[in-house]
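Structure first, then comments.
Side chains are part of it too, since the values below use all heavy atoms of this structure and drop only hydrogens, waters and symmetry mates. Computed from a prediction, not measured in an experiment: that's the story for all the values here.
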Protein chains: 2
Amino acid sequence: MPQANSQTRRERLEEREEAILSAARQAFVEHGFDGATMASIAQAAEVAEGTVYLYFKNKNALLDAVIDRFYQRLTEDAREGVQGIHGTFERLEFLARHHLERCLEELPILHLMISRHRWKPDYRSSHGYELNKTYVAIFDGVCRDGMAAGQLRDDVPLWVIRDQFYGTLDYATRTLVLRGRPGKELDLAAEGVVDILRRGLDPGQSERTEAETSKLENITRRLEKVAAKLQA
Amino acid sequence: MPQANSQTRRERLEEREEAILSAARQAFVEHGFDGATMASIAQAAEVAEGTVYLYFKNKNALLDAVIDRFYQRLTEDAREGVQGIHGTFERLEFLARHHLERCLEELPILHLMISRHRWKPDYRSSHGYELNKTYVAIFDGVCRDGMAAGQLRDDVPLWVIRDQFYGTLDYATRTLVLRGRPGKELDLAAEGVVDILRRGLDPGQSERTEAETSKLENITRRLEKVAAKLQA
DNA sequence: TGACTAGGTGAGGGCTAATCATTATAACTG
DNA sequence: CAGTTATAATGATTAGCCCTCACCTAGTCA
């Protein structure tokens, strides 16, 4: 049974890789990149120190892999969520809330990403850049649809809007943590971001109905969450 | 002549400190924090390695000192510039342009600041936090004046606006560099930021929807309480 | 002059990431 | 099943870093 054997063999390797990756993630989250040692990661993964280097080229590659995971889930969930929502600003508000929630949840990972990943001189040719590109492509798509539908000014470059959106959100994440009550003010932050965008990118005559239904739908979504809780 | 002697003595010390600080700045800018070695910094400053530690507690203290300088100049110039300008949005546009220009000029310092400084867990009790606070106080002042004069909505928390402003600018800085022509698009970015703010914070629009959503949110909150009770 | 002291030195300690010669294990073959 | 090869795993070792500390030097003062 060579098939079965090679299967288990492959599985063993994947399990090991998983163990190392998970140990690394844990170590990075707990002690930061510099604070985490390869020795402790190897020990937590129950392998020898040298073994880690069979699976990952070096410490940085470990970090890359951890961040890769973060982005994969972030992107997937964003894409999924957007699909189930109609209306430009409803989608934007979902994206804002989703980004804030996820970044707050995984704050240490966000720190690692920003501090070690995003400011490298060769960022643009890095894998991380591609990951980010894929992620923000969802936002870009929503905006382009909005522009095509006339709900969004199309005389502002998309990259300006994008920086406005994610720049604000990342700063807001930090502020929410610094202020010590991230949960309570999350809604305020997400709504604030989209609200300013809504007014700032209004293509002309204000469409009050649009704005109102948006907020109503927002509340509906929250009520649906409550309903889901009740079911569980 | 004890006066003259102690003077020259003091001057010697200050010169040395200056030499070390300047060498450190150079090294950090050229090779990054990890890439710069204390040995090379000491050599560039023409002192022994141990001497550096007579002037700065450790490598991190060196970085702090470098960043301190950056903030001092940034803040001073911002304050000066704002004083010579009247009108809320004119001032904001100056601040945006000033921030962008300075950050682009000193990009490596900005990287150091963001990656090593701002995301420390104890950031809020650090000197860097105070520096940042002093800097953004200028922006806050401009906004508060604008609100008092009725040129700015006062129903959006100041911290949301601040995050919007500086978050966007920092992201824009990165984008401008990535796009490779920071000079040409700097105006576009600065104007874009302020333009969206201008429209987004225009106090002219109605606030009736605001009151209505507030009521609805009240109801939502009550329903969530009910849900919590039911869960228990 | 001789003791005192602030300031300066650089070899060495302790810790780290990463390597590589060696060993162990699995897979294949006749 | 035994022998051979290929793959996987090991951990002592290496090179390089930050920082300390025992020692040194040169001014200052009694």
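Figure legend: A:R174 and A:Y171 shown as a cation-pi pair, the cationic atom lying under 6.0 angstrom from the six-membered ring centre and within 45 degrees of its axis.
A salt bridge is absent between A:R144 and A:D154: the closest approach of a Lys/Arg side-chain nitrogen to an acidic carboxylate oxygen does not fall below 4.0 angstrom. With respect to the salt-bridge test (charged N to carboxylate O, under 4.0 angstrom), the residues A:E14 and A:R10 qualify.
Residues of residues 29-42 of chain A having a heavy atom closer than 4.0 Å to DNA chain C, listed by number: A:A36, A:T37, A:M38. Within residues 45-69 of chain B, the residues having any heavy atom closer than 4.0 Å to DNA chain C are, in order of number, B:V47, B:A48, B:G50, B:T51, B:L54, B:Y55.
To the nearest angstrom, C1' of C:dA27 lies 13 Å from CG of A:L13. Atom C1' of nucleotide C:dG7 and atom CD of B:E17 are separated by 14 Å, given to the nearest angstrom. Distance A:R116 CZ to C:dA17 P: 11 Å, rounded to the nearest Å.
By the salt bridge (Lys or Arg N to Asp or Glu O under 4.0 Å) test, A:R162 pairs with A:D140, sequence neighbours left out. For B:R198, the side-chain contact (heavy atoms from CB on, under 4.5 Å) test picks out B:F89, B:E93, B:V194, B:D195, with sequence neighbours left out. Evaluation of the side-chain contact (heavy atoms from CB on, under 4.5 Å) rule for A:I114 yields A:L110, A:R118, A:W119, A:D170, B:I114, B:W119 as partners, not counting sequence neighbours. By the salt bridge (Lys or Arg N to Asp or Glu O under 4.0 Å) test, B:E46 is found to be paired with no residue, residues two or more places apart in sequence or in another chain being considered.
For B:R12, no side-chain nitrogen or oxygen approaches OP1 or OP2 of C:dG7 to under 4.0 Å.
A:H99 and A:Y135 are linked by a side-chain donor-acceptor pair at a separation below 3.5 angstrom, with hydrogens and angles left out of the test.
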